A.B. asks: 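Take a look at the following structure, please.
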Number of protein chains: 2
Amino acid sequence: MSKKTDITDLDTGELALARPRATLVEVAADKLRELILLEKLPAGAHISERDLAAALGISRTPLTRALTILEQDGLIEYSVTRRPQVANPRLDEIEQNLIVMGALEALAGELACACITDAEIEQVAEYQRQIEAGDSTLSPLESFRLDMQMHEAIVQASRNAPLIDTHLKFNARLWRARFQSSQRRSGRGQTLAEHRAIVDALTRRDAKATSEALRHHLASAVTNTKKALQEDGKAKDRNTETE
Amino acid sequence: MSKKTDITDLDTGELALARPRATLVEVAADKLRELILLEKLPAGAHISERDLAAALGISRTPLTRALTILEQDGLIEYSVTRRPQVANPRLDEIEQNLIVMGALEALAGELACACITDAEIEQVAEYQRQIEAGDSTLSPLESFRLDMQMHEAIVQASRNAPLIDTHLKFNARLWRARFQSSQRRSGRGQTLAEHRAIVDALTRRDAKATSEALRHHLASAVTNTKKALQEDGKAKDRNTETE
DNA sequence: TTTAGCATTTTGGCATTCCAAAACTCCAAT
DNA sequence: ATTGGAGTTTTGGAATGCCAAAATGCTAAA
């Protein structure tokens, strides 16, 4: 009722550094996300807290917290006996996630139409152009990255923080599956057409159309991912792949 | 490649107890959620890890992990100096969350139509009947609870785990705001009509209509919540309310 | 009365440690 | 070759202690 400093957000003197200083937890969480996406920590791998902590040069305390965060993100799962392992979603789980992601992106597109700037539209269009132009020259990874960035840009344009945040988590969860799926060149033409439709609708700021285009695009992703992973699954069945 | 126990999921001998035994972290997280929803830990309150841990009868280690979980759920926020406090979302943040929640429930309704059983529909309809019948007799809290349960039942019927999970988190985040909003009796008739429309569409298993009805219902919630919280905000402005 | 600054207390981050439970090893019995 | 089980190792859960940074209280100068 009396003593209140409340000048929390003054200039720190340093430009652009008003965020909570990085803790080992955050560093570890970021690093882990990276290790998982790059499959340096492969799906399904069991994790030893001690070993991983040692590898990261930290103690178990912050590592455990980082794992807790990744668990919430769906990248780490705990077995019945509480041993952590890298999540290895089944095809049907990936499918369910993609469906939700579709709804999220459709909403993002719809919201974006109400407030997106010309510059932002131009940025999205630019990504689309690069994807199209580099279709036969870019590496799969580069194409994939551009694709991700394009979607990301649209979601960002929605200006809805919880939506952006939730989308980010689903994205992390689905990254590997979508990357694998993108390796297949088949269906490429359709994907490009869908991208064009999205950019077109967005340019017209047609909320309904943008939403519909994104939803349709993600529905295709469901189909393509399913196909890609089913083939992949069969290929792996020939080896003695541990799950 | 060789040694694999892999009989992880056998009957434990005890019925219905195949889940990882409860850790203090989970217990604490659940308890904290409850304390926050009941406003025993009021919005914006600063939290002392030591005090809270003592109050819960545990050490800081599991409490910190529980706080990390609640942070991911959006119920706890960390200040720039890393001091935890109960989240106190601004009106516009609540609004953004409600918008996402609308999309989630609309999707849930749509998916549900494809697989919902007669019994599940009956359950939803039963909730709706109870709400309607008890409109003038039930306590605001009881009405609210029924309302929540009805929505919950629909989302569950979607059979989409990530969707159910995500919806749950948004629900926790929005619980207090929606509860406050539900205290206002105004707009009650409209709410009931919307519920009827939802049940009606769901009964017909009309995905499009169900989705639309839910989306419309949540849009109303945005409006109502905004009204309720604005009034509430003004009322509090007269006091010397610390934020 | 307000404010600047110093001393004290409180706070969360993190490392370390102990412990019970789970996982693994290895050998004997079938 | 397979199985059963005792003994050992490894594992994550949790408590504790220390530290630097932040918050708070207090005093004195303006």
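The structure displayed is predicted, hence computed values, not measured ones. Note on naming: letters A, B, ... go to the chains in the order of the sequence lines (proteins, then strands), and numbering restarts at 1 for each one.
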A.B. asks: dG12(C), OP1 or OP2 - any side-chain N/O from T64(B) closer than 4.0 Å?
C.D. replies: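 False: T64(B) side-chain N/O out of range (4.0 Å or more) of dG12(C) OP1/OP2.
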A.B. asks: Taking atom types as they are modelled, would you say the side chain of R82(A) forms a donor-acceptor pair with the base of dG13(D) within the 3.5 Å cutoff?
C.D. replies: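 By the distance-only test, no, there is no pair.
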A.B. asks: Heavy atoms under 4.0 Å, any strand shown: does I47(A) hit a base, just sugar-phosphate, or nothing?
C.D. replies: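 Touches sugar-phosphate only.
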A.B. asks: Given atom OH of Y78(A) and atom C1' of dG12(D), what is their separation to the nearest angstrom?
C.D. replies: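 Rounded to the whole Å, the gap is 9 Å.
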A.B. asks: Would you kindly give the CD-to-C1' distance between E49(B) and dG13(C), to the nearest whole Å?
C.D. replies: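 Rounding to the nearest Å, CD of E49(B) and C1' of dG13(C) are 9 Å apart.
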A.B. asks: For the side chain of T81(A), counting heavy atoms from C-beta on, which of dA15(D), dG12(D), dA22(C) is nearest?
C.D. replies: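 That would be dA22(C).
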A.B. asks: Between S48(B) and dT10(C), is there a side-chain N or O to OP1/OP2 distance below 4.0 Å?
C.D. replies: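 Negative; the distance criterion is not met.
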A.B. asks: Please state how far atom NE2 in H46(A) lies from atom P in dG12(D), giving the value in whole angstrom units.
C.D. replies: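 To the nearest whole Å, that distance equals 11 Å.
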A.B. asks: Round to the nearest Å and state the distance from D51(B) atom CG to dT10(C) atom C1'.
C.D. replies: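 After rounding, the gap between these two atoms is 10 Å.
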A.B. asks: Mapping R83(A) and T61(A) onto DNA chain C by nearest heavy atom, which one lands closer to the 5' end?
C.D. replies: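 It is T61(A) whose nearest nucleotide is closer to the 5' end.
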A.B. asks: Taking 4.0 angstrom as the limit, do E110(B) and R215(A) come out as a salt bridge?
C.D. replies: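 So E110(B) pairs with R215(A) through a salt bridge.
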A.B. asks: Less than 6.0 angstrom separating the ring centers of F170(B) and W175(B), yes or no?
C.D. replies: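 No, the ring centres sit 6.0 Å or more apart.
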A.B. asks: For DNA chain C, whose closest nucleotide is more 5', that of I58(A) or that of R50(A)?
C.D. replies: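 Its nucleotide being nearer the 5' end, the pick is I58(A).
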A.B. asks: Starting at atom CD of E26(B), determine the distance to atom P of dG13(D), rounded to an integer number of angstrom.
C.D. replies: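 Result: 9 Å.
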A.B. asks: Hey, is CZ on R145(B) packed in by over 12 heavy atoms from elsewhere, all under 6.0 Å?
C.D. replies: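 Open.
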A.B. asks: In whole angstrom, give the distance that lies between atom CZ of R60(A) and atom P of dG13(D).
C.D. replies: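 Going from CZ in R60(A) over to P in dG13(D) covers 7 Å.
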A.B. asks: How many Å lie between CD on Q85(A) and C1' on dG12(D), as a whole number?
C.D. replies: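 Taking atom C1' of dG12(D) as the reference, CD of Q85(A) is at 14 Å.
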A.B. asks: At under 4.0 Å, does any side-chain N or O of R65(A) touch on OP1 or OP2 of dG13(C)?
C.D. replies: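 For dG13(C), OP1 or OP2 has a side-chain N or O of R65(A) closer than 4.0 Å.
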A.B. asks: Report yes if the side chains of I36(B) and L70(B) come closer than 4.5 Å at any heavy-atom pair, otherwise no.
C.D. replies: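 Answer yes - side chains close enough.
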A.B. asks: Atom CD1 of I69(B) and atom C1' of dG13(D): how far apart are they, to the nearest Å?
C.D. replies: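 Going from CD1 in I69(B) over to C1' in dG13(D) covers 13 Å.
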A.B. asks: When the ring centroid of H217(B) is compared with that of H151(B), is the distance short of 6.0 Å?
C.D. replies: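 Yes.
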